[in-house]
Chemist: 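I have a structure I would like to understand better, so I am pasting it below and will then ask my questions one at a time.
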Amino acid sequence: MNPPTNTQAQSRPGLINWLGYLTITLFLLLPVAVLTVRAGVWQQGLLLFALAALGAAIVLLLGALLMLLPRFTPWRKAIGGRILFAVPGALILLSILGSGSYPRIHDISTDLQDPPVFTAAEQQRGSDSNSLQTDPETQVLQAQGYPDLATQVLAEQYETVFDRSVQVATAMGWDIYLQDRNAGVIEAVDTTALMGFKDDIVIRLRTNAEGTLVDLRSVSRVGLGDMGANAKRINAFLQRLQAG
């Protein structure tokens, strides 16, 4: 019979076991938070998601610190296995912190002087959704935060641009609920992949001597800020539209 090793002879500190319990709990809280948001309790769900990610980052740092202490040398492998479940939450926190600083607004338009107007979105949105009325303060913050957003002018004919706009919106996974060729209006909703947030988009097409003018407006149904999602969506659409 082999004699016990030093690691086996020493009892594992309870702190390591509790570290494992806490890490697993924080790991499981992430999908619970997502399901909470998707169930409509989005404020509490986002708070839980943020706390789980923050907690995971703290646990990961604590575990790394314990592995550096000579006292815990025999259990480094055990600690490493336990804090492995904290990595996803820590990465989520890093991605949030590294995503940049965005104005706390949720209504973005390429035309601040004459923003596109929604005609069918009210019937698609719940009574507790954000207002679709334009806000002068929001427009000022957008001008400061996204100065490059502007009307796009394409040389192609109106009909061609309208058809391509529908194709691009569909390819981007938007659910189109209004197509009015005569009015030059397309309305759709985009649902975010993880949290299931819904943002409404209106595309407005007009013509002048230069060609076809394309404007977009994207508005989040809930929340004060959008972490830049609406502006990114508009830019992505315009880039695809221009690329043909």
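Below, all heavy atoms of this structure are taken into account, side chains as well, without hydrogens, waters or symmetry copies. The chain is numbered in sequence order, starting from 1.
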Chemist: Count I, L, V, M, F, W, Y as connected when their side-chain heavy atoms are under 4.5 Å apart, and connections chain through other members. Are L22 and L91 then in the same cluster?
Modeler: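 In one cluster: yes.
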Chemist: Return the minimal non-hydrogen interatomic distance between R240 and M172, and the atom names on each side.
Modeler: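 In terms of heavy atoms, the two residues are closest at NH1-CG, 3.5 Å.
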Chemist: Evaluate V202 against V117 for side chain to side chain contact (heavy atoms under 4.5 Å, CB included), listing each step before the verdict.
Modeler: CA-CA 7 Å; V202 55; V117 177; over 6 Å; no
Chemist: Looking at L149, L216, I108, which hits side-chain contact (heavy atoms from CB on, under 4.5 Å) with N235?
Modeler: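 Checked L149, L216, I108 against N235; only one passes side-chain contact (heavy atoms from CB on, under 4.5 Å): L149.
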Chemist: Side-chain contact, heavy-atom cut-off 4.5 Å: R82 with N17?
Modeler: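 Touching, per the 4.5 Å side-chain cut-off.
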Chemist: Do V219 and H106 touch side chain to side chain, with heavy atoms closer than 4.5 Å?
Modeler: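 Of all side-chain heavy-atom pairs linking H106 with V219, at least one is under 4.5 Å.
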Chemist: Which heavy atom of I16 sits nearest to which heavy atom of W75, and what is that distance?
Modeler: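 Minimum heavy-atom separation between I16 and W75: CD1-CB, 3.3 Å.
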Chemist: Give a yes or no on whether the backbone of F197 and the side-chain of T192 come within a donor-acceptor separation of less than 3.5 Å.
Modeler: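 Flag set: sc T192 to bb F197 pair under 3.5 Å.
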Chemist: Does a donor on one side chain sit under 3.5 Å from an acceptor on the other, for S220 and N230?
Modeler: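 Looking only at side-chain atoms, N230 and S220 do form a donor-acceptor pair, the distance falling under 3.5 Å.
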Chemist: Assigning hydrophobic clusters by single linkage (Ile, Leu, Val, Met, Phe, Trp, Tyr; side-chain heavy-atom cutoff under 4.5 Å), is F72 placed with L65?
Modeler: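 Different clusters.
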Chemist: Between L132 and E122, does a side chain to side chain contact (heavy atoms under 4.5 Å, CB included) hold up when you go through it step by step?
Modeler: CA-CA 8 Å; L132 291 175; E122 287 287 0; 3.8 Å; yes
Chemist: For residues V161 and V185: do they belong to one hydrophobic cluster (side chain heavy atoms under 4.5 Å, members Ile, Leu, Val, Met, Phe, Trp, Tyr)?
Modeler: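 In one cluster with V161: V185, no.
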Chemist: Over 60° means perpendicular and under 30° means parallel, so tell me whether F237 and W174 are parallel, tilted or perpendicular.
Modeler: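 Parallel: the ring planes of F237 and W174 meet at under 30°.
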Chemist: Hey, are the side chains of L26 and V59 touching, using non-hydrogen atoms and a 4.5 Å cut-off?
Modeler: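 The answer is yes; the side chains approach within 4.5 Å.
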Chemist: Would you find a donor on one side and an acceptor on the other, under 3.5 Å apart, between the side chain of N130 and the backbone of G223?
Modeler: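 Looks like yes, one N/O pair under 3.5 Å.
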Chemist: For the residue pair D215 and P116, what are the closest heavy atoms and their distance?
Modeler: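 Where D215 meets P116 most closely, the heavy atoms are CB-CG, 3.9 Å.
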Chemist: Side-chain contact test, heavy atoms from C-beta onward, threshold under 4.5 Å: evaluate it for L178 versus Q123 and give yes or no.
Modeler: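 L178 does not reach Q123 side chain to side chain.
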Chemist: Within the 4.5 Å heavy-atom criterion, are D107 and D135 side-chain neighbours or not?
Modeler: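 A side-chain contact is absent here, since even the closest heavy-atom pair is not under 4.5 Å.
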Chemist: As an exercise, state the distance from CG of D200 to CZ of R125, rounded to the nearest 0.5 Å.
Modeler: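 D200 CG to R125 CZ: 4.5 Å, rounded to 0.5 Å.
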Chemist: Tell me, do Y146 and I234 make a side-chain contact under 4.5 Å, heavy atoms counted?
Modeler: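 Not in contact.
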Chemist: Test question: given the 4.5 Å side-chain rule for I, L, V, M, F, W and Y, name all other residues clustered with L28, or answer none.
Modeler: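 Its cluster mates, by chain and number, are I24, F27, F85.
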Chemist: Between CG of L30 and CG of L35, what distance do you get to the nearest 0.5 Å?
Modeler: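 Spacing of CG (L30) from CG (L35) equals 11.0 Å.
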Chemist: Can you name the nearest heavy-atom pair linking A188 to Y177, along with the distance?
Modeler: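 Nearest heavy atoms, A188 then Y177: C-CE2, 3.5 Å.
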Chemist: If you count heavy atoms of other groups shown closer than 6.0 angstrom to CZ of R104, is the number above 12?
Modeler: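 At most 12 heavy atoms, drawn from other residues, nucleotides or ligands, come within 6.0 Å of this atom.
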Chemist: Check the pair V34, M195 against side chain to side chain contact (heavy atoms under 4.5 Å, CB included), reporting the backbone distance first and the verdict last.
Modeler: CA-CA 6 Å; V34 172; M195 295 296 185; 4.1 Å; yes
Chemist: Check whether R38 reaches the backbone of L194 with its side chain - one donor and one acceptor, N or O, closer than 3.5 Å.
Modeler: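 Present.
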Chemist: At what distance, to the nearest 0.5 angstrom, does CG of L47 lie from CH2 of W42?
Modeler: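 These two atoms lie 11.5 Å from each other.
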Chemist: Would the number of heavy atoms belonging to other residues, nucleotides or ligands and lying under 6.0 Å from CD of E137 be above 12?
Modeler: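 Counting other residues, nucleotides and ligands, CD of E137 stays at 12 neighbours or fewer.
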Chemist: Which heavy atom of L112 sits nearest to which heavy atom of Q139, and what is that distance?
Modeler: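 L112 and Q139 have their closest heavy atoms at O-NE2, 3.1 Å.
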Chemist: Hey, what do you get for CD1 (I79) to OG1 (T23), rounding to the nearest 0.5 Å?
Modeler: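 Atom-to-atom, I79:CD1 and T23:OG1 are 10.5 Å apart.
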Chemist: Taking the side chain as everything from C-beta on, heavy atoms only, tell me whether I92 gets closer than 4.5 Å to F49.
Modeler: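 Of all side-chain heavy-atom pairs linking F49 with I92, at least one is under 4.5 Å.
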Chemist: Do L54 and V87 share a hydrophobic cluster (ILVMFWY, side-chain heavy atoms under 4.5 Å, transitive)?
Modeler: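 Hydrophobic grouping puts L54 apart from V87.
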Chemist: Looking at every non-hydrogen atom in both residues, tell me the closest pair between A150 and L238 and how far apart they are.
Modeler: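 Closest heavy-atom pair between A150 and L238: O-CD1, 4.3 Å.
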Chemist: Determine whether R164 and E156 make a side-chain contact, defined as any pair of heavy atoms from C-beta on separated by less than 4.5 Å.
Modeler: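 With C-beta onward as the side chain, the pair touches.
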Chemist: When rounded to the nearest 0.5 angstrom, what is the spacing between CD in E187 and CZ in R217?
Modeler: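 Between atom CD of E187 and atom CZ of R217 there are 10.0 Å.
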Chemist: Taking a hydrophobic cluster as the set of Ile, Leu, Val, Met, Phe, Trp and Tyr residues connected by side-chain heavy atoms closer than 4.5 Å, whether directly or through intermediates, do L93 and L48 fall within one such cluster?
Modeler: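 No, L93 does not connect to L48 through the hydrophobic network.
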Chemist: Yes or no on side chain to side chain contact (heavy atoms under 4.5 Å, CB included) for Q124 and V189, after CA distance, side-chain angles and deciding distance?
Modeler: CA-CA 9 Å; Q124 303 291 325; V189 60; 6.0 Å; no
Chemist: State the CG-OH distance between D226 and Y102, to the nearest 0.5 angstrom.
Modeler: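 Going from CG on D226 over to OH on Y102, the span is 9.0 Å.
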